[in-house]
Amino acid sequence: MDGAQGGAQGGARPAHPHSPGSGDGLLEAAPTVLVLTAVLAAAAGYLLAVRRARRRNPVQGWSGWRSASFLGGLALLAVALLPPLGPAAHTDFRGHMAQHMLIGMYAPLALVLAAPVTLALRILPPAGARRVTTALHSRPARLMTHPAVALVLSTGTLGLLYFTPLYDTAMSHPAGHWLMNAHFLASGCLFAHAVAGPDPAPARPGVPARLVYLGVAIAAHALIAQAMYGGFFVHIHAPVGQVRQGAEIMYYAGDVAELLLAAALVATWRPERRSRPPRTGPSATPASPVSGGVPAG
């Protein structure tokens, strides 16, 4: 028995079959209705907020690209959670991994690039905006949005999930599967925000440091996917072929998502300009009395 056969347990049986019953139709329809309701409500809420922001400040307006990014992120979530992929993720490890990539990497990047916190700050009354700003500067928020913490929550927990019985335990009950997806989405949003988010982040380090954290995430994803493909330390009750193909999805789709995140980071990089020492010679140009020493732009 090779490494993959020893790690991917369960032979050729289905990953987590559901027993048939008279109420299966209602149980399967309920998550679909909830997902559609949540996605449509989030889209409507964001678009209403955009409309209010444009009315409040027509000159500043709001970027249509950010609105498109938010709607695209919601669309990715819908693809991941609705049929056919949603139900397949319960019984096929390849479906689970495709769902994981969409919920944990692609959708978070699109949602974060939509700058929802900045949009909220623009439409809230001054008192509400001050409360949000105070919350962003609080110690728990600064801790959770630091790239190191976000990296541990998003990438570090993958080893715990796939190399321990946690994955099988979570998949054995629908509530466990939904909690796992919620973790993927929340931790993915935290990491995308910490690395390249346009929203305020008081604890965010400089671009070089964030590139280092992103590089660590890329390396960790690759190692986990390779270990999964080879069957080393893997604790997943699924056919070997499914585990290997799921590892390939994680490896290649994860690389593409992290390249997109790196591109978003580089796109927001604004190198600091070094101030020149003031000229003291007779040819020095006097400061304009109108500017009052305030730098332009």
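These numbers come from a predicted model, not from an experiment.
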Check: Should Arg204 and Thr145 be marked as a side-chain contact (heavy atoms from CB on, under 4.5 Å) after you check the CA-CA gap, both sets of side-chain angles, and the distance that decides it?
Finding: CA-CA 7 Å; Arg204 182 183 292 152; Thr145 57; over 6 Å; no
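- For Tyr251, the ring-ring contact (aromatic ring centres under 6.0 Å, His included) test picks out no residue, with sequence neighbours left out.
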Next item on the list: Please test Tyr162 against His235 for side-chain contact (heavy atoms from CB on, under 4.5 Å), starting from the C-alpha separation and ending with a verdict.
Entry: CA-CA 6 Å; Tyr162 296 123; His235 198 290; over 6 Å; no
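- Leu40 and Leu71 are assigned to two separate hydrophobic clusters, defined by single-linkage of ILVMFWY side chains at heavy-atom distances under 4.5 Å.
- At a threshold of 4.5 Å between non-hydrogen side-chain atoms, the residues Leu119 and Trp62 count as touching.
- Residues Cys189 and Leu185 are in side-chain contact: their nearest non-hydrogen atoms beyond the backbone lie under 4.5 Å apart.
- By the criterion of side-chain heavy atoms lying less than 4.5 angstrom apart, applied directly or through intervening Ile, Leu, Val, Met, Phe, Trp or Tyr residues, Phe232 is grouped together with Val234 in one hydrophobic cluster.
- Contact between Ala253 and Tyr106 at its shortest, heavy atoms only, is O-OH, 2.7 Å.
- Taking hydrophobic clusters as Ile, Leu, Val, Met, Phe, Trp and Tyr residues chained together by side-chain heavy-atom distances below 4.5 Å, Leu102 does not share a cluster with Leu179.
- Judged by distance alone, the side chain of His173 and the main-chain N or O of Thr169 form no donor-acceptor pair under 3.5 Å.
- Minimum heavy-atom separation, Thr118 to Pro198: OG1-O, 4.2 Å.
- His177 and Gln99 share a donor-acceptor pair across their side chains, judged by distance under 3.5 Å alone.
- Legend: residues meeting salt bridge (charged side-chain N to carboxylate O under 4.0 Å, His left out) with Arg94, ordered by chain and number and at least two apart, are Asp92.
- The side-chain heavy atoms of Ile218 and Leu259, taken from C-beta on, include no pair separated by under 4.5 Å.
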Margin query: Let's go through Met250 and Gln245 carefully: what are the C-alpha distance in whole Å and the side-chain angles of both, what is the deciding distance for side-chain contact (heavy atoms from CB on, under 4.5 Å) to 0.1 Å, and is it a yes or a no?
Written below: CA-CA 9 Å; Met250 181 180 182; Gln245 292 177 13; over 6 Å; no
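- A 4.5 Å side-chain heavy-atom check between Met101 and Tyr252 finds every atom pair outside the cut-off.
- Sequence neighbours left out, not one pair with a member in residues 154-165 passes salt bridge (Lys or Arg N to Asp or Glu O under 4.0 Å).
- Under a hydrophobic clustering in which Ile, Leu, Val, Met, Phe, Trp and Tyr are joined whenever their side-chain heavy atoms come within less than 4.5 Å, directly or via other members, Leu160 and Val149 fall into different clusters.
- Using modelled atom types, no side-chain atom of Arg66 and backbone atom of Pro116 make a donor-acceptor pair closer than 3.5 Å.
- A distance of 13.0 Å separates CZ in Arg51 from CD1 in Ile123, rounded to the nearest 0.5 Å.
- Summarising the geometry, atom NE2 belonging to His146 is positioned 10.5 Å from atom CZ belonging to Arg210; distances are rounded to the nearest 0.5 Å.
- Of all the heavy atoms in Phe93 and Ala238, the pair that sits closest is CB-CB, 4.1 Å.
- For Arg55, the CZ atom is loosely surrounded, since the number of other residues' heavy atoms within 6.0 Å does not exceed 12.
- Members clustered with Val117: Leu121, Leu124, Val132, Leu136, by chain and number, using a 4.5 Å side-chain heavy-atom cutoff among hydrophobic residues.
- Among Tyr229, Phe233, Phe163, the single residue meeting the side-chain contact (heavy atoms from CB on, under 4.5 Å) criterion with Ile224 is Phe163.
- Under the 4.5 Å side-chain criterion, counting only non-hydrogen atoms from C-beta, Trp178 is in contact with Pro31.
- Interatomic distance, CG of Asn57 versus CZ of Arg52, reported as 14.5 Å (0.5 Å rounding).
- We find the OH-CG distance between Tyr213 and Leu265 to be 13.5 Å, quoted to the nearest 0.5 Å.
- When all heavy atoms of Gly197 and Val112 are compared, the closest pair comes out as CA-CG1, 3.6 Å.
- Tyr46 places a side-chain heavy atom less than 4.5 Å from the side chain of Ser67.
- A donor-acceptor distance shorter than 3.5 angstrom exists from the side chain of Ser69 to the backbone of Ala110, with no hydrogens or angles considered.
- Cluster annotation: Leu166 and Val243 are assigned to the same hydrophobic cluster (Ile/Leu/Val/Met/Phe/Trp/Tyr, side-chain heavy-atom contacts under 4.5 Å, transitive).
- Side-chain contacts under 4.5 Å among hydrophobic residues (ILVMFWY), followed directly or transitively, place Val152 with no other residue at all.
- Of all heavy-atom pairs between Ala114 and Phe70, the closest is CB-CB, 3.4 Å.
- Looking at every heavy atom in both residues, Leu261 comes nearest to Ala192 through CD1-CA, 4.1 Å.
- Among residues two or more places apart in sequence or in another chain, the side chain to side chain donor-acceptor pair (under 3.5 Å) test is passed with Thr157 by His183.
- Checked against the 6.0 Å centroid criterion, the rings of His96 and Tyr167 qualify as a close aromatic pair.
- The CG atom of Leu76 sits 10.5 Å away from the CD1 atom of Ile103 when rounded to the nearest 0.5 Å.
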Next item on the list: Could you walk me through whether His100 and Met180 pass the side-chain contact (heavy atoms from CB on, under 4.5 Å) test, one step at a time?
Entry: CA-CA 9 Å; His100 174 189; Met180 181 171 57; over 6 Å; no
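- Distance check: Leu158 CG to Phe184 CZ gives 6.5 Å after rounding to the nearest 0.5 Å.
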